[in-house]
Amino acid sequence: MKVLVVGSGGREHALVWALAQDPEVDAVVAAPGNPGIAVLRPAYDGQTIVCCSVDISDHDAVVALAKEMGADLVVVGPEAPLVAGLADPLRDAGIAVFGPSKDAAQIEGSKAFAKDVMATASVPTGRAYVCTTPEQAATAIDAFGPPYVVKDDGLAAGKGVVVTSDRDEALAHAAGCEQVLIEEYLDGPEVSLFAISDGTTVLPLQPAQDFKRLGDNDEGPNTGGMGAYTPLPWAPDKLVEEITEKVIQPTIDELRHRGTPFTGLLYAGLALTSRGVRVIEFNCRFGDPETQALLPLLKTPLGGVLYAAATGKLADQEPLAWQTGSAVAVVVAAKKYPASPRSGDVISGVDQAEADGVQVFHAGTALDGDDLVTSGGRVLAVSAAGEDLDEARRRAYAAVGQIRIKGSQHRTDIALKAARGEITV
Ligand code: AMP
Ligand code: GLY
């Protein structure tokens, strides 16, 4: 099988890495990929892994590349091309695509659309008002009281949500958005549950937890995600079954009933509140950096499952198989991330970090001559497995300690509370 992976981040690096472990996969092309993917070694004789520079907002160019390489499967990694509708012309060209259509990707592209789907399908989520004027927003903000949750309706690359007890800050964020959701505050630990779907059948992954804030102890601004771990030793029994039954399956069914079946990865971001599970958000693709923690533990060959989903054959698929133990991914971010990440800083120590079987997934990296340099906010995700979270943390942080980037930032407490047994539901 020949697979085209669209995207250039840490999630795409992890996807290509996992696809390369699948004996049925003979070639992976990453478009445009990144320097980490470019030096990935094939896992099997005769397997090819290459990066191909292409502008992924040029849908015709991506379709042409898929045809030229004879792709059996295209996996679209990031949300922006999915929401822009890249999956549609690929499907129209008769190519199997893992990734939702433009219409189904609205589950991430518009928070108001997602709320409407959840209301119709009776999926539990926070109460929210959709507001289009500052006056409406102020009324909704005062109706809920602090802490205030103000969400830009559209895609905002992790910067759309403000959670604050400062009324003026809440009003200011609302004023800066064309359409906002003012939502009730949801308390309790957060869970990321991913499910693969062919539009009808769903196949959940094991749950993970993401760390959205920049600093230790969840301080500082929201980011795209500073680290993740999986599985969740504190999760209640049957959590995955409960979320699948109450959240994932009804959402997939509702999208199909609307005539816009969802084929790809449905990401549910959830809060386990005292009143039960509540959806915080849906994404229409694999999460970053949860994927970098999850895929190294996945035993089921990835290419076969994604192909089964893309071709409507998920019902024949066995449940996913996982290695025992835990995995922890720690993001190393550039100086001044997230406000204005600095580019061009030299990155060293990646080979040493990887020496011990740890995976270093590239995201914001570029080559400057022979030097690997920073070129984005989240630069690398260092992912390590272990018998338990303590061991995975030790290995991940030992590897992070090998990496040198001037002014870089990382959290030191990824998975710490879980490892100490300090998370309760
Ligand atoms: P989102 O982009 O919707 O995932 O929001 C980013 C982060 O903001 C989430 O991971 C939560 O930590 C926080 N957040 C979003 N919505 C709520 C809410 N209703 N209550 C509390 N925290 C929230
Ligand atoms: N980990 C958060 C995201 O992928 O949106």
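We count ligands from 1, going down the list as the structure has it; atoms in each ligand are counted the same way.
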Legend entry - Whether E391 side chain and G386 backbone form a donor-acceptor pair below 3.5 Å: no
Inset, instruction - Could you list the atoms of ligand 1 found under 4.0 angstrom from a heavy atom of K212? - result: 4 (O), 10 (O)
Inset, instruction - Applying side chain to side chain donor-acceptor pair (under 3.5 Å) between E183 and each of R127, K111, K115, report the one that passes. - result: K115
Legend entry - Non-hydrogen atom of K111 closer than 4.0 Å to ligand 1: yes
Inset, instruction - Would you mind running through ligand 2 and noting each atom that sits below 4.0 Å from a heavy atom of G224? - result: 1 (N), 2 (C)
Legend entry - R256 with D253: basic N within carboxylate O range, under 4.0 Å: yes
Legend entry - Salt-bridge criterion met for K417 and D218 (N-O under 4.0 Å): no
Inset, instruction - Using modelled atom types only, decide if a donor and an acceptor are shared between the side chain of Q249 and the backbone of T200 within a distance under 3.5 Å. - result: yes
Legend entry - Subset of ligand 2 atoms that lie under 4.0 Å from at least one heavy atom of G287: 4 (O)
Legend entry - Interfacing atoms of ligand 1 (cut-off 4.0 Å, heavy-atom, K151): 3 (O), 15 (C), 16 (N)
Legend entry - Residue I280 vicinity, atoms of ligand 1 by number, heavy atom under 4.0 Å: 3 (O), 15 (C), 16 (N)
Legend entry - Those atoms of ligand 1 less than 4.0 Å from some heavy atom in Y185: 20 (N), 21 (C)
Inset, instruction - Specify side chain, backbone, both or neither for R285, according to which of its non-hydrogen atoms lie closer than 4.0 Å to ligand 2. - result: side chain
Legend entry - Close-contact set for ligand 2 against N283 heavy atoms, below 4.0 Å: 5 (O)
Legend entry - Side chain, backbone, both or neither: the part of V161 lying under 4.0 Å from ligand 1 by heavy atom: side chain
Inset, instruction - Using a 4.0 Å heavy-atom cut-off, say whether K212 meets ligand 2 through its side chain, its backbone, both or neither. - result: side chain
Legend entry - Atoms in ligand 1 flagged as close to V149, the criterion being non-hydrogen separation under 4.0 Å: 16 (N), 17 (C), 18 (C), 19 (N), 20 (N)
Inset, instruction - Answer with yes or no whether E184 contacts ligand 1, where contact means a heavy atom under 4.0 Å from a ligand atom. - result: yes
Legend entry - Ring geometry between F361 and W17 (parallel below 30°, tilted from 30 to 60°, perpendicular above 60°): perpendicular
Legend entry - Test: K238 and E242 ion pair at under 4.0 Å: no
Legend entry - Residue-ligand contact G225/ligand 2, heavy atom below 4.0 Å: no
Legend entry - Heavy-atom neighbours of Q323 CD exceed 12 at 6.0 Å: yes
Legend entry - Atoms of ligand 2, numbered as shown, that sit under 4.0 Å from any heavy atom of Y267: 1 (N), 2 (C), 3 (C), 4 (O)
Inset, instruction - Show which atoms of ligand 1 fall inside a sub-4.0 Å distance from at least one heavy-atom site of L186. - result: 18 (C), 19 (N), 20 (N), 21 (C)
Legend entry - Ionic contact status for R41 with E354, cut-off 4.0 Å: no
Legend entry - Under 3.5 Å: donor-acceptor pair, side chain of S110, backbone of Q106: no
Legend entry - Heavy-atom nearest option to atom 7 (C) of ligand 1, drawn from T223, N222, L270: N222
Inset, instruction - Please examine the side chains of S326 and P231, heavy atoms only from C-beta on, and report whether any two atoms are closer than 4.5 Å. - result: yes
Legend entry - Backbone or side-chain N or O of E281 under 3.5 Å from ligand 2 N or O: no
